[in-house]
*Asks:* 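Following this message is one structure expressed as structure tokens.
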Amino acid sequence: MPGLFITLEGGDGSGKSTQMDALAEWLQQQGRTVVQTREPGGTDLGVEVREIVLHSRGEVTPRAEALLYAADRAHHVASVVRPALERGDVVIQDRYLDSSVAYQGAGRVLDPVEVRDLSLWATEGLLPHLTVLLDLDPAVGRERLEVSRTRYDRLEAAPDDFHERVRQAYLALAAAEPDRFLVLDATRPVDELQQSIRDRVSHLLG
Ligand code: TYD
């Protein structure tokens, strides 16, 4: 496929949206067509799944949670991401399958290999060309969220040890696939982080 698929990952409050927006603007200035999207919630169906999985009042068991994210991903990839990549667009996406491995695998303590395989089945094996991991101590992420949040979603409200497991899982994923991942310390200034991301993307675009 001629397009470029870039995903951003990291804990809640790590600054993914800020970096996404700046990256999209820079690429558009260079005449690239950019599709900015996210999971969960990048399609109409995804918006409904997002509401269930993040704000359901009742319990959502771990396997059901993993399947809901995978269902959102299957539909999103087939109807938005693949068509954009086939057109040659740059897709910049807030969260993808690494979120499932970190949150449902390490966080909810499901088998990370099974969770990854579920996503690969859902997406017919689509992996990003680049995944930017904004690494942050979850305690710092929580402080950042406290400034802006009036309500927490089900995942944000999970206890500190959950978020520490998520962080460690992300770092392990990055270590296992160093060519795909760019790991950045999310406490660095916003502009410096953006520059590091642009350097890497420039390299990929050749
Ligand atoms: P996000 O959109 O980053 O939250 P917000 O818009 O509130 O900043 O992500 C929503 C939550 O969903 C986040 O806590 C992580 C979780 N999540 C998973 O647990 N598994 C997944 O596969 C994905 C995509 C997200």
Side-chain angles (χ1 to χ4, degrees), residues 5-21 23-24 36-43 45-56 59-81 91-123 126-128 131-170 173 186:
F5 186 25
I6 302 168
T7 58
L8 280 93
E9 295 283 356
D12 299 290
S14 58
K16 295 186 301 299
S17 349
T18 307
Q19 294 301 333
M20 273 185 76
D21 291 348
L23 181 63
Q36 251 183 287
T37 187
R38 71 169 178 176
E39 288 182 9
T43 59
L45 175 67
V47 170
E48 294 185 49
V49 174
R50 184 179 173 92
E51 197 51 35
I52 297 170
V53 81
L54 294 181
H55 301 297
S56 172
E59 190 196 3
V60 182
T61 57
R63 280 168 194 266
E65 186 178 278
L67 287 163
L68 285 164
Y69 282 112
D72 167 62
R73 184 160 302 133
H75 184 66
H76 183 229
V77 165
S79 59
V80 175
V81 179
V91 176
I92 307 178
Q93 184 166 317
D94 192 348
R95 299 191 179 282
Y96 189 53
L97 87 173
D98 302 298
S99 277
S100 284
V101 179
Y103 283 77
Q104 281 65 57
R108 299 295 190 211
V109 202
L110 296 173
D111 181 335
V113 175
E114 287 178 0
V115 173
R116 182 183 160 92
D117 285 349
L118 178 66
S119 272
L120 289 175
W121 179 80
T123 63
L126 183 69
L127 282 173
T131 298
V132 177
L133 172 58
L134 292 168
D135 176 53
L136 187 66
D137 177 344
V140 178
R142 187 170 288 275
E143 276 169 32
R144 288 185 182 179
L145 283 189
E146 274 166 10
V147 178
S148 58
R149 281 287 190 282
T150 49
R151 66 168 183 172
Y152 291 95
D153 67 46
R154 288 181 49 258
L155 281 292
E156 287 165 355
D160 290 349
D161 63 316
F162 173 97
H163 291 285
E164 189 50 41
R165 286 200 302 278
V166 168
R167 181 189 194 186
Q168 295 309 325
Y170 269 138
L173 283 167

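Each ligand, and each atom within it, is numbered from 1 in the order the structure gives. Quick caveat, the model's predicted, so the values are computed rather than measured.
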*Asks:* Under a strict 4.0 Å criterion on non-hydrogen atoms, which protein residues are in contact with ligand 1?
*Replies:* D12, K16, R38, E39, P40, R50, L54, Y69, R73, R95, S99, S100, Y103, Q104, R149, D153, L155, E156

*Asks:* Is there a side-chain contact between L155 and F162 (heavy atoms, below 4.5 Å)?
*Replies:*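 The answer is yes, as the side chains (C-beta and beyond) meet within the 4.5 Å cut-off.
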
*Asks:* Just by distance, do the side chain of E9 and the backbone of Y96 share a donor-acceptor pair under 3.5 Å?
*Replies:*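 Checked: pair present.
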
*Asks:* What residues form a side chain to side chain donor-acceptor pair (under 3.5 Å) with D117, not counting sequence neighbours?
*Replies:*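 In terms of side chain to side chain donor-acceptor pair (under 3.5 Å), with neighbours along the sequence ignored, D117 is linked to no residue.
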
*Asks:* For V101, does its backbone N or O pair with a side-chain atom of R116 as donor and acceptor, under 3.5 Å?
*Replies:*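 No, because the side chain of R116 does not come within donor-acceptor range (under 3.5 Å) of the backbone of V101.
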
*Asks:* Does some side-chain heavy atom of R95 sit less than 4.5 Å from a side-chain heavy atom of Y103?
*Replies:*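 Answer yes - side chains close enough.
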
*Asks:* Under a 4.0 Å threshold between the charged nitrogen and the carboxylate oxygen, would R142 count as salt-bridged to D160?
*Replies:*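 So D160 pairs with R142 through a salt bridge.
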
